[in-house]
J.: 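First the structure, then my questions, so here it is.
In what follows, chains are A, B, ... by sequence order, proteins preceding strands, each numbered from 1. We use all heavy atoms of the structure for the numbers below, so side chains are in, but hydrogens, waters and symmetry mates are not. A quick note: this is a predicted structure, and the numbers were derived from the prediction, not measured.
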Amino acid sequence: MINRLTQMFAHFILLLGVLLMVIPIWLAFTSSTHDNVTLITEGMQWYPGPLFIENYDEVLNEKGGFSEEITATGMLINSFIMGLGIATLKVIISMMAAYSLVYFRFRLATPIFWFIFITLLVPLEVRIFPSYKIVSDIGLTNSYTGLVLPLVASATAVFFFRQFYKSVPDELLESAKLDGANSWRFFIDFLVPLSKTMIAAMFIFMFVFGYSQYLWPLLMTTDEKYWTVVMGMKLIYVELYEGVSLPRVGQRFAYIILSIIPPVLIVVLLQRWFIKGLIQTEK
Amino acid sequence: MSFINLKNVVKVYPDGTQAIFNSSLSIEKGELVVFVGPSGCGKSTLLRMIAGLEDVTDGEIDLDGNRINEIDPSERDIAMVFQNYALYPHMSVYNNIAYGLRSRGIKKLEIEAQVTNVSELLQIGDLLSKKPGQLSGGQRQRVAMGRAIARDPKVFLFDEPLSNLDAKLRVQVRLEIKKLQRKMGTTSIFVTHDQTEAMTLGDRLVVMNKGVMEQVGTPMEIYYHPKTKFVAEFIGTPSMNFITGSIKDKTFKASSFAIPAKYEDKDDVILGVRPEDISITKATTGVKCKVELIEKLGSSTVIYCVDMKENQLCVSTQSRASVEVGDTIHISTNNKALHFFDRETSKALTK
Ligand SMILES: Nc1ncnc2c1ncn2[C@@H]1O[C@H](COP(=O)(O)OP(=O)(O)OP(=O)(O)O)[C@@H](O)[C@H]1O
Ligand SMILES: [Mg+2]
């Protein structure tokens, strides 16, 4: 009896949590399918309205910006490329860095690790001007390379991979060595498959990190072709003050909903891998 | 020239621990040599140096006529079975066995044939698609063996591969290893701290103590002619009895008895007698003892007793002795089965 009660209580809490997370998104979605007059006079809407196709079509295809070169679709693609690039390179680089720190026992490995770790205290925002200077000096402004490259070194990921590698039993390496595997093969045939779960998790975090960058792309891109979704978010609010007839509230919500899709896509795609890794705890 | 040669090998770990002192050993092709000794005596260290997993601090290791000190483990063509097997957790049994073959660039068809071969030999054919995590301890052990065998290496190294198995399985696998090694004729080194395992498996034993090879020889040599007190004590269960005394006029004198000994006069001598070399006599001529504890093992009976001068003695008899705790018994021994050691150096006395 008591058991049942506690269970119900637990479910109640969980349900509350779920609602708290889902309701804002639901509201944004339903509101994105109404016309602006309804939204302004009656506030946010709980049920889907009739303007789904119109609103989304308008947001996706209308050219924005000062020189009107970019659409929301374009910005979504830019952000996706930026997130993907940052996540992929970050994961690869930190895996390799952690590998060399853990398995090649050179004398300075520990100091170097701490040195890498200290860079956690110097996020991009702090070093943004020097970074900008360097990137513009080598002519990488207004390019995907410039968007991605300064963000790919990650102390956090190095740290997590290092801890994981340290937990891999030494016998595995020794056994692999005797089986004729060189350091490269050990990395590819053993560490990569063993850290699948870790890779998936890191990739998700790093994608969201890259995707949600604001300041860096803002500084980096003078060419509207390279604008990202988060920058566009600002753009779509700006016209509020420009007094173009009615504020386009519905389209704004549509834009927000669209901007959520890429990260959700990544999570959903990788989640299966992630959870599979978690269930088969093989070690 | 022997197949494996250790010449004055020394190992000092980076933290300063000296694990191996000047050790030399020759192993012939096809031999099964067992390193045996108590925990921490350096067996694994020595084995790992041969495998190339530890640097050799000083001295030389030769394999098949070539110095291998500087050769990478992956190039030595040596296979090792680890205590915890170190199977590759993310690979199927098939791939575990095939991995070493693949990394040596062997063709796919050949690999398949070889894996099938090995899995039949070890009766693991129906496990090939499983992952190590889905196997029992005994099955994992087999897979680890299979992985070593598949490559047909120059040398097999085993580091206590049976210690995670239950007692019965251990005996069974021990026999299988012996048979397999005979069949394949591959030079092998087997590390264990279990002296029964060592005695039954080895063509020759290397008894180690604190980083030193105390004695190298066939199991029988080591059992009947231990060169040091340590070897005498370590090999054989129950352990050898030791009684201190001195030799004078070809007689060994202990506190409670005297026994003929054809050695030079010497103070501070230790007499060693194996429990099975002591028998209970009906006559009252033997050493008088009081029984303190009896262990009945079925095939034999172990009697722990003390003589009148408080020397602890252990007697093992095959017969079903009708002895009870608290009884007084008389014991005697065959004069040929005595071992004498110098008390200072612990070395066996020479005639
Ligand atoms: N990596 C290391 N660094 C420093 N000392 C070590 C290291 N590995 C082993 N030793 C020391 O070397 C000695 C021999 O160790 P080793 O592992 O060879 O013993 P062993 O005979 O295999 O024992 P066991 O039967 O318990 O496995 C021990 O005193 C141990 O503490
Ligand atoms: Mg060991």
J.: Let me know if B:Arg102 has heavy atoms under 4.5 Å from chain A in its side chain, its backbone, both or neither.
T.: neither
J.: Check B:Arg104 against A:Leu178 and note the closest heavy-atom contact, atom names and distance.
T.: NH2-O, 3.8 Å
J.: Around atom CZ of A:Phe205, are there more than 12 heavy atoms from other residues, nucleotides or ligands closer than 6.0 Å?
T.: no
J.: With a 4.5 angstrom heavy-atom cut-off, which part of B:Arg151 approaches chain A: side chain, backbone, both or neither?
T.: side chain
J.: Using a cut-off of 6.0 Å, state whether more than 12 heavy atoms not belonging to A:Phe104 lie near its atom CZ.
T.: yes
J.: Measuring from B:Glu54:CD to A:Glu174:CD, what's the distance to the nearest 0.5 Å?
T.: 7.5 Å
J.: Minimum heavy-atom separation for A:Asp179 to B:Arg147, with atom names?
T.: OD2-CD, 3.7 Å
J.: Can you give me the closest heavy-atom contact between A:Leu194 and B:Pro89, atom names plus distance?
T.: CD2-CG, 3.7 Å
J.: Within the supplied structure, the quantity of interest is the number of heavy atoms (other residues, nucleotides, ligands) at a distance under 6.0 Å from B:Asp55 CG; does it exceed 12?
T.: no
J.: Please classify the contact between A:Asp170 and chain B as side chain, backbone, both or neither, with a heavy-atom cut-off of under 4.5 Å.
T.: neither
J.: Mind listing the closest non-hydrogen atom pair of B:Tyr88 and A:Ser175 along with its distance?
T.: OH-O, 3.3 Å
J.: I'd like to know whether CG of A:Leu14 has more than 12 heavy-atom contacts from other residues, nucleotides or ligands below 6.0 angstrom.
T.: yes
J.: May I ask you to test the A:Lys196-B:His90 pair for a side-chain heavy-atom distance under 4.5 Å?
T.: no
J.: Is the NZ atom of B:Lys130 crowded by more than 12 outside heavy atoms at less than 6.0 Å?
T.: no
J.: Would the number of heavy atoms belonging to other residues, nucleotides or ligands and lying under 6.0 Å from CZ of A:Phe160 be above 12?
T.: no
J.: Inspect the surroundings of OH in A:Tyr144 and state if more than 12 heavy atoms from other residues, nucleotides or ligands are less than 6.0 Å away.
T.: yes
J.: Please report the shortest heavy-atom distance between B:Ser74 and A:Gly180, naming the atom on each side.
T.: CB-CA, 3.6 Å
J.: For the atom pair CE (B:Met80) and CD (A:Glu171), what is the distance rounded to the nearest 0.5 Å?
T.: 8.5 Å
J.: When heavy-atom pairs shorter than 4.5 Å are enumerated against chain A, which of B:Asn84, B:Leu157, B:Ile78 gives the highest number?
T.: B:Asn84
J.: So for atom NZ, which belongs to B:Lys154, do other residues, nucleotides or ligands contribute more than 12 heavy atoms lying within a distance under 6.0 Å?
T.: yes
